[in-house]
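Chain A is the first sequence line, chain B the second, and so forth, proteins listed ahead of strands; every chain is numbered from 1. The figures that follow rest on heavy atoms only: side chains count, while hydrogens, waters and symmetry mates do not.
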Protein chains: 2
Amino acid sequence: MTIDTTGLTRRQQEILAFIRHALETEGRPPTRAEVCRAFGFKSPNAAESHLRALAAKGAITLEEGRARGIRLPGGFPRRSSAFRDEGLPLIGHVAAGNPILAIEHIESHHPIDPSLFSPRADYLLRVKGLSMRDAGILDGDLLAIHRSETARNGQVVVARVRDDVTVKTFSARGKLVSLLPANPDFEPITVDTEIEPLAIEGLVVGLIRNGLPG
Amino acid sequence: MTIDTTGLTRRQQEILAFIRHALETEGRPPTRAEVCRAFGFKSPNAAESHLRALAAKGAITLEEGRARGIRLPGGFPRRSSAFRDEGLPLIGHVAAGNPILAIEHIESHHPIDPSLFSPRADYLLRVKGLSMRDAGILDGDLLAIHRSETARNGQVVVARVRDDVTVKTFSARGKLVSLLPANPDFEPITVDTEIEPLAIEGLVVGLIRNGLPG
DNA sequence: ATCAAGACTGTATAAAATATCAGTCAATCA
DNA sequence: TGATTGACTGATATTTTATACAGTCTTGAT
């Protein structure tokens, strides 16, 4: 059982992956015929209808009447010689109870040198929400995370509590742990570790933001 | 025999630049017709012969009989040669009047893929001060900058004004340009471009922070 | 002065690619 | 149980694209 973050069917995900692959290896989107060859379809309409479905779901954009008129809305994958096959995994949605680095959570890889951060980053997490706004952590930012099961007061941590994964400032007083937001609009989460489990997944060791407003 | 990239004519360089531009902005190579439209050619053969010339000189590869069958041998367009394979230069203190990318300003190189950002980053600047705090830009952050001499309202820019280089939100009303901080403790800088010069050095296209507090 | 290369116009056409119509088959959903 | 959706086959019309052929005009080198 795989996690469906996109609303795409399995086949549609395969087609989308093929489009990405074509962009990366050929430097241009595939034609309908090329999709057919790759999947063994005997009719170009098979490819056509898959593309229409993907476009209807917003996964791609189709330009009418143009050869290879397929676009990936979120920008297209680029080849990058020096950093290829290295870099950090970007973790997408994390299902309750699952280990954070499970393969099905890996959304993509980003060409970032793990040793750019100190201590070394192990993976990236995409920030949702503004609960750490005043710490300069905004919605959509990528956080570089160093795996660690322990934290000291004042460190910004990735914590798993009540079947939720959250990023907050860590603050422990005895058995009582508080996860503090950096935004007055949000409430701290307080956990009595004698009663409820609290797991530290890692420490925030850096931040990457791309595409500032404008 | 080696490829002589400098052996391209002015026109051929323009065509090549257009191909790169198309790849970056459209995600695919142009057709002959698109080249014609871009340059105002009235015959598709004008584009065809330019492409042949570029292919003969090794600047591109042509795939026979395929729509948009233009490839750049070095893969996807990358930055110009100066900093290739060395990551992005981090610009330190910028002396008044000196071009920002002068070699003496380069503090170090960071192993970051320029295409991580969109548009591509050309260099990094270290943030001093908190004047953009509410935009999530904190003291010590590295900003990824895309070189540009123009900006639109609302974009965060690197601007040179009154012998100072500063990062602010750009806002123009006619000849009057305001550089707005994102922090109520700081005052906007307003410049009448008829009287005082104002130069845009680049656009902020990303941010890197390492070593969060803790 | 002639020659070659570069930068085009203009016309034509085959091949590539898009787009549409008409179906089949299986699984899921109301 | 009928309707809808997804995943296709098969055929074909139409548009886009590549590419060939025949020229003009200019510039710089021999």
Original post:
Near DNA chain D, which residues from residues 30-44 of chain B have a heavy atom under 4.0 Å away?
Top reply: B/Thr31, B/Arg32, B/Pro44
State whether the side chain of [X] and the backbone N or O of [Y] hold a donor-acceptor pair below 3.5 Å, judged by distance alone.
| X | Y | answer |
| --- | --- | --- |
| B/Arg71 | B/Thr61 | no |
| A/Asn183 | A/Leu130 | yes |
| B/Asp122 | B/Arg147 | yes |

**OP:** Between B/Gly65 and B/Asn45, name the one whose nearest nucleotide on DNA chain D is closer to the 5' end.
**Re:** B/Gly65
Decide, yes or no, whether a salt bridge links [X] with [Y] under the criterion of side-chain N to carboxylate O below 4.0 Å.
| X | Y | result |
| --- | --- | --- |
| A/Arg37 | A/Glu34 | no |
| A/Arg28 | B/Glu63 | yes |
| A/Glu48 | A/Arg52 | yes |

Original post:
Please, what dot-bracket string fits DNA chain C when only Watson-Crick and G-U pairs with both distances under 3.5 Å count, crossing ones use [ ] and pairs to another strand use |?
Top reply: |||||||||||||||||||||||||||||.
Original post:
Looking at side-chain heavy atoms only, is the closest gap between B/Val167 and B/Val156 below 4.5 Å?
Top reply: yes
**OP:** Anything under 4.0 Å to a heavy atom of chain B counts; send over the first and last such nucleotide of DNA chain C, read 5' to 3'.
**Re:** C/dG6 to C/dA17
Original post:
Should B/Arg68 be listed as having a side-chain N or O under 4.0 Å from OP1 or OP2 of D/dT17?
Top reply: yes
**OP:** Scan residues 22-47 of chain A for pairs that pass ring pair (Phe, Tyr, Trp, His ring centres under 6.0 Å), counting only residues two or more places apart or in two chains.
**Re:** A/Phe18-A/Phe39, A/Phe39-A/Phe41, A/Phe41-A/His50
**OP:** Check side chain to side chain donor-acceptor pair (under 3.5 Å) between B/Thr190 and all other residues, then give those that pass, not counting sequence neighbours.
**Re:** B/Ser178
Subject >> Partners passing salt bridge (charged side-chain N to carboxylate O under 4.0 Å, His left out) against A/Arg133 (at least two apart in sequence or in another chain) >> reply: none
